[in-house]
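No hydrogens, no waters, no symmetry mates; every other heavy atom, side chains included, goes into these values. We name chains A, B, ... by the order of the sequence lines, and we start the count at 1 in each one. Remember, it's a predicted structure, so these values are computed and weren't measured experimentally.
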Amino acid sequence: MKSVIIIVQVLSIILVAPLISGIIRKIKDNLRMRKGASIFQPYYNFLKLLSKDEVISENSSWIFKITPFIVLAAAITATCLIPLFGTGFSLNNMGDIFTLIFILALGRFCLSLAGLDTASTFSGMGSSREMFISSLVEPVALLALFVVALNSESTSLSLIAGVFNFKLSSLVAVIALFMVTISETSRIPIDNHETHLELTMIHEAMLLEYSGRSLAMLELATHIKQMIFFSLIAIILFPLIILPSFGLYQILFTIAFFLLKILIIGTLIALVEISIAKMRLFRVVDFLGFAFVLSLTALIIQTWGM
Amino acid sequence: MSALCFASFFPCDPLSLFFVFVILIISFPSLVFSIGYLKNEYSSRKIALSWILSLGFIFSMLGVVTTNNGFFFLIMWELMSLISYFLVVFDSKKSKSIQAGTIYIIMTHIGTTFITAAILMLFNYSKSFDFIAMKNAVELIPSGTKNLIFLFLLIGFGTKAGIVPLHIWLPYAHPQAPSHISSIMSGVMIKTAIYGLLRFVFIILGIHNLWWGVLVVILAAISCLVGVIYALIEHDMKKLLAYHSVENIGIILLGIGASMIFLKMDIPSLAILSLIAGLYHLINHAIFKGLLFLCAGSIYKATESLDIEKLGGLIKKMPYTAACFLIGSMAISALPPLNGFVSEWLTLQALFLGALNSSGFFRIFLGIAAASLALTGGLAAACFVKAFGITFLSLSRSKKAEEAVEVPFSMKFSMVFLSLLAVLFGLLAVPIVKYLSHLSQYITNIHLNTSFALNNFTLITQSKNPIYLSTPLILILFLLIIATAYFIIRRALPFQKVLINKTWDCGYYNLTPRCEPRFPNRGEYTATGFSKPFRLAFSFFLLPQTKTEKIKDSFYHTTSFKHEISTTPFFNKYIYSPILYLIMKTAKVTRKLQSGSINVYIAYIFATILLLIIFMEKF
C-alpha cells in the first residue's frame with residue numbers, strides 16, 4: 001500500500017510540476033498587463049521537444065549524453081524523500097533532509113560538467129556561476145533546515161512534515177529557505193528563466209547546447225526541482241494532516257490542500273519576481289549572506305526555545 | 001629471544017590494526033602503480049632506490065602505528081619523516097623539489113619537537129615509555145600540565161596532519177614527490193598524525209577539559225574552509241589535491257573534535273557516532289585522495305604537465321583515467337552514493353544530534369560547525385567541477401594534451417582498484433559502521449548497546465524520532481529511474497535523429513584553430529575564468545592582485561598584452577615571513593660572537609671555566 005502511494009505521489013508530482021511553472025508565468029504576465037501564454041505551455045514545450053531531432057556538439061563526450069538522465073533521476077529520487085499527502089508516505093528509510101540536499105547536488109554537479117563539456121564559452125560561464133552560487137546556497141539551506149530539524153527533533157522528513165509545533169524560529173528559517181528557493185529555482189533576482197541574454201544567464205546558459213529530448217528531460221527536471229523546494233516550504237509551514245482513514249474524499253481533500261499550498265508559494269515567488277530587478281552576480285553574495293544571517297538568527301532564536 | 005623481545009614492542013590492538021589496514025590498502029595499489037609510472041621516467045638505479053625508499057616508508061609507518069612504546073614511537077616517527085623527506089626530494093634535479101623538501105623537513109621537525117616534549121612530559125610521571133604505564137600514570141599529572149601536554153600534542157601532530165596554520169608544507173611537499181608517493185603521503189602519512197592524537201589524547205591522556213574539543217573543532221572548521229578556498233584558485237593539479245588534504249583533515253578532525261566534546265559532556269552514544277564519522281572519513285579520504293593522486297600521476301605521465309590550464313579533452317584520450325578521476329571527484333565532493341557522502345552525512349548527523357542534545361552556546365556552535373561543513377562541501381564540489389571539467393572535458397589546450405595516450409595496465413589497475421573501493425565503501429556503509437563502532441568503543445572505553453544499523457542496508461543514527469540512511473537503496477532507485485527514463489526516451493518513443501555538429505560560438509568558428517601552440521582553443525572556458533567569481537567573493541582573504549603590461553608600438557595600437565593575476569599567500573606573508581625574519585635577525589646578532597679569532601675563543605673558554613668555578617663554590 002505504502003509503496004503504491006509513494007509511486008502515485010511521485011508520478012503526480014512529475015505530472016503537476018510543469019503546471020506550476022506555467023501558472024507562475026501566467027501570474028507574472030497578467031501582473032505586467034500582458035495576456036501571456038496558456039498555463040499549459042510547459043507541457044506543449046515538453047511535447048514539442050520530444051518530437052524534435054537532437055543536435056550534439058562534436059566536442060562533447062559521454063558526460064554530455066548521460067547528464068540529462070542523471071539530472072532527471074536525481075530530481076525524482078529526491079522527490080521520493082518528500083511526504084506530500086500524508087506523513088508516512090515517503091521513502092524515509094532511504095535518507096533524511098541532508099540526503100535530499102546531497103542528491104540534488106549530484107544533479108547539479110553533472111549538469112555543470114556537461115556545461116564545460118561542449119567547449120562553449122557560454123555554458124562554461126554558466127557552470128562557473130552555477131557552482132559559485134550553489135556553493136554559497138549550501139550553508140544557508142543546511143543551516144535553515146538544521147533549525148527546522150531541531151524544532152522537530154529529527155532530520156527525517158516524515159517527522160518534520162508531521163510536527164505541528166509552530167515556532168518563530170521555523171518561520172525565520174522558512175524565510176531563509178524561501179531565499180534559497182529563489183536561487184535554486186533560478187528566479188529573479190538571482191537568475192532569469194525567460195531570457196537567453198548572456199549577461200543574465202546562469203542556469204539557462206548551462207543548457208544552451210542541449211536540444212530535443214535531452215532538453216525536454218532537463219526542463220522537466222527543473223520543474224520537479226522547483227516542486228521539491230516548494231513542497232519543502234509547504235511541509236514546514238503547513239504540516240501534514242494525518243488522515244484517519246483512506247476514503248476517496250480524504251484523498252481528494254489532501255491533494256487539493258497540497259495544491260493550494262503550492263499555489264500560495266508559487267504566487268509569492270511570482271510577486272517577488274515582478275517587483276525586484278535582477279542583481280549583478282556579485283550582489284548575489286550579499287543576498288545569500290543576508291539569507292545566511294537569517295538562518296543564523298533562526299538558530300539563535302531556536303536556542304531561546306522559541 | 002631478542003627478536004621476540006623486540007616483537008613485544010609491536011603488539012597490535014584494534015586501533016593499530018585499523019591503521020595497518022588503511023596503510024596497506026593504499027600502499028598496495030600505489031606500489032603497483034609505480035611499476036608503470038617509474039618505467040621510462042627514471043634510470044633503473046633510481047627505480048631501485050624508489051622501491052627501497054617506498055618500502056622503507058611503508059614499514060616505518062607500520063612501525064608508528066603498531067608500537068606500544070613511546071620511545072620506539074618517536075624513532076619510527078622520525079624514520080618516517082626522514083624517508084618521506086628523501087622521497088620528496090626524489091627529483092633532486094629540480095630546485096623546486098629541494099625547496100619543498102627543506103620546508104617539509106623544517107616543519108616536520110618542529111612538529112616532532114613538540115611530540116617529543118609531550119612524550120617526555122608523560123615519561124616524567126610514568127617513569128616508563130610503555131603506553132600502558134603512561135596511561136596508568138596520567139592521574140598523577142596536574143591539570144595545568146595536562147593542558148600543556150595536550151597543546152603540545154595538538155601542535156606536533158597538527159603539523160604532520162596539516163591543520164591550518166601549520167599546513168604550509170603540504171602544498172609544497174606533496175606535489176614534488178613522485179605521484180605514487182604523493183598518494184601514500186596524502187592518503188596515509190598525514191593520517192598517522194590522527195593516529196597519534198587518538199592514541200595519546202583519547203587513550204592515554206583522556207579528555208580532561210571541554211575546551212580541548214572546542215579548540216579542535218574550531219581549528220578543524222578553519223582548516224576545511226582555508227583548504228578548500230586555496231584549492232579553488234589553485235591550477236596545479238597536485239597542489240590542488242594537496243590543499244584538499246588540508247580540507248579533508250579538517251572534516252576528519254571535525255568528527256574527532258565533536259567526539260571529544262561529547263565525551264566531556266557525557267553523551268556516550270554521540271561521542272561514538274562522531275568518532276565513527278571521523279574514522280570513516282579518514283579511511284574514505286585515504287581511498288579517494290590516493291585515487292586522485294594516482295590519476296594526477298597518470299595525467300603527468302601522459303602529458304608531462306600538471307597545469308590544468310594546459311590540459312583539456314583528455315576524456316577521449318584517456319577514458320579509464322577520466323572515469324576513475326570522475327569517481328574520485330564525486331566521492332570527495334560527497335555525492336551519493338559514494339563513500340565521501342556517507343562520512344560527511346555521519347559528521348552532519350553527529351553535529352545535528354549534538355546540537356539537539358545540548359543547549360545555549362553549544363547548540364549555536366555546533367550549528368555553525370555544520371554550516372561551515374556545508375560550505376566546504378559546496379566549494380569542494382565547485383573545485384572538482386573545475387578540476388575534472390577543465391582537465392578532461394572540452395578541447396585540448398596544448399599539443400601534449402592533444403597527443404596524450406592512455407597509461408599502461410599496472411597504472412590503470414591501481415586506479416580502477418581504488419575506484420571500486422570508493423564505490424564499495426559507500427554501499428557497504430552498515431558493516432563498516434558496525435566495525436568502526438566497535439573500534440570507537442575500544443578507543444573511548446565506553447560500552448554501548450545501541451548499534452547504528454537498522455538492517456544490513458540501512459543506517460540509523462537516532463532511535464527516538466528515527467533518522468535513516470540507505471545508500472544501496474539510493475543507488476537502486478537511481479539506476480531504476482535512469483533505466484526507465486532511458487527506455488522511454490530512447491526506445492519507447494518513435495526514433496529521432498541525433499546529429500553531431502559544431503558548438504555554438506557566435507559564428508566565429510575559425511578564430512579557434514585547434515592546437516596551434518600559440519593559440520589554444522580560445523573560446524573555451526579556462527580554470528582562471530571558472531574560479532574568478534570565487535576569487536572575487538573571497539577577496540577579503542585571498543587578497544588578489546592583478547598586473548597588466550601593455551607593449552605599444554604607437555599611441556593607438558597595442559602589440560602585446562600581458563595580464564597577470566596572483567593572490568597573496570596569507571599565512572606565508574603574515575605569519576611565517578615575520579617569524580623567519582626574526583630568526584634571521586637574531587642569527588645575525590649572535591654571529592658577532594663568532595669572530596673567528598683564536599684569542600677570543602680562548603677568552604670564552606677562560607670565562608666559562610671561571611663562571612663554573614664560581615658556580616660550584618656558591619652552590
Is there a side-chain contact between [X] and [Y] (heavy atoms, below 4.5 Å)?
X      : Y      : result
A:M94  : B:Y468 : no
A:F282 : B:P533 : yes
B:L477 : A:C80  : yes
B:L326 : A:I63  : yes
B:I315 : A:W62  : yes
A:M217 : B:I489 : yes
B:I482 : A:I66  : no
B:L348 : A:F146 : no

Counting only non-hydrogen atoms closer than 4.5 Å, does [X] touch chain B with its backbone (N, CA, C, O), its side chain (CB onward), both, or neither?
X      : answer
A:A74  : both
A:S134 : neither
A:S127 : both

Just how far is it from atom [atom1] of [X] to atom [atom2] of [Y], taken to the nearest 0.5 Å?
X      : Y      : atom1 : atom2 : answer
A:T121 : B:Y525 : OG1   : OH    : 8.5 Å
A:N93  : B:N455 : CG    : CG    : 7.5 Å
B:F392 : A:L116 : CZ    : CG    : 13.5 Å
A:E209 : B:K502 : CD    : NZ    : 13.0 Å
B:F361 : A:T303 : CZ    : OG1   : 11.5 Å
A:E153 : B:K464 : CD    : NZ    : 4.5 Å

Ignoring hydrogens, what is the shortest heavy-atom contact between [X] and [Y]? Give both atom names and the distance.
X      : Y      : value
A:L299 : B:R363 : CD2-O, 4.2 Å
A:F69  : B:Y486 : CE2-CA, 3.4 Å
A:P139 : B:A374 : CA-CB, 3.8 Å
A:A73  : B:I481 : CA-CG2, 3.7 Å
A:L142 : B:A370 : CD2-O, 3.6 Å
B:K316 : A:S61  : CE-CB, 4.3 Å

Between A:L136, A:L296, A:T99, A:I133, the one whose heavy-atom pairs under 4.5 Å with chain B are most numerous: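 It is A:T99.
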Neighbour count above 12 (heavy atom, 6.0 Å) for A:F290 CZ: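 No - once you tally the heavy atoms of other residues, nucleotides and ligands closer than 6.0 Å, there are 12 at most.
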Parallel, tilted or perpendicular: rings of B:F352 and A:F98 (30°, 60°):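 Geometry flag for B:F352 against A:F98: perpendicular rings.
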Verdict with supporting geometry, B:T503 and A:N59, side chain to side chain donor-acceptor pair (under 3.5 Å): CA-CA 7 Å; B:T503 302; A:N59 305 329; 3.2 Å; yes
Largest heavy-atom contact set with chain A, pairs under 4.5 Å, which of B:I500, B:N501, B:L473: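 Winner by heavy-atom pair count: B:N501.
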Polar side-chain atom of A:S128 near backbone of B:F530 as donor-acceptor pair, under 3.5 Å: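 Side chain of A:S128 to backbone of B:F530, a donor-acceptor pair under 3.5 Å: yes, one is there.
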Main-chain N/O of B:T376 paired to A:E138 side chain as donor or acceptor, under 3.5 Å: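 The answer is no, because no donor-acceptor pair under 3.5 Å joins these two groups.
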Heavy-atom distance under 4.5 Å to chain A: side chain of [X], backbone, both or neither?
X      : result
B:P319 : neither
B:T461 : neither
B:L480 : neither
B:T458 : side chain

Evaluation steps, side-chain contact (heavy atoms from CB on, under 4.5 Å), between A:I103 and B:L335: CA-CA 7 Å; A:I103 291 176; B:L335 298 178; over 6 Å; no
Worked check of side-chain contact (heavy atoms from CB on, under 4.5 Å) between A:Q302 and B:I364: CA-CA 9 Å; A:Q302 210 282 334; B:I364 298 170; over 6 Å; no
Exercise: do A:S51 and B:Q496 side chains pair donor with acceptor under 3.5 Å: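 No.
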Side-chain ion pair, B:R490 and A:E54, N-O less than 4.0 Å: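 The answer is yes: the pair qualifies as a salt bridge.
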Verdict with reasoning, B:V498 to A:I56, per side-chain contact (heavy atoms from CB on, under 4.5 Å): CA-CA 7 Å; B:V498 177; A:I56 287 182; 3.5 Å; yes
Steps toward side-chain contact (heavy atoms from CB on, under 4.5 Å) verdict (B:N465, A:S156): CA-CA 8 Å; B:N465 298 333; A:S156 173; over 6 Å; no
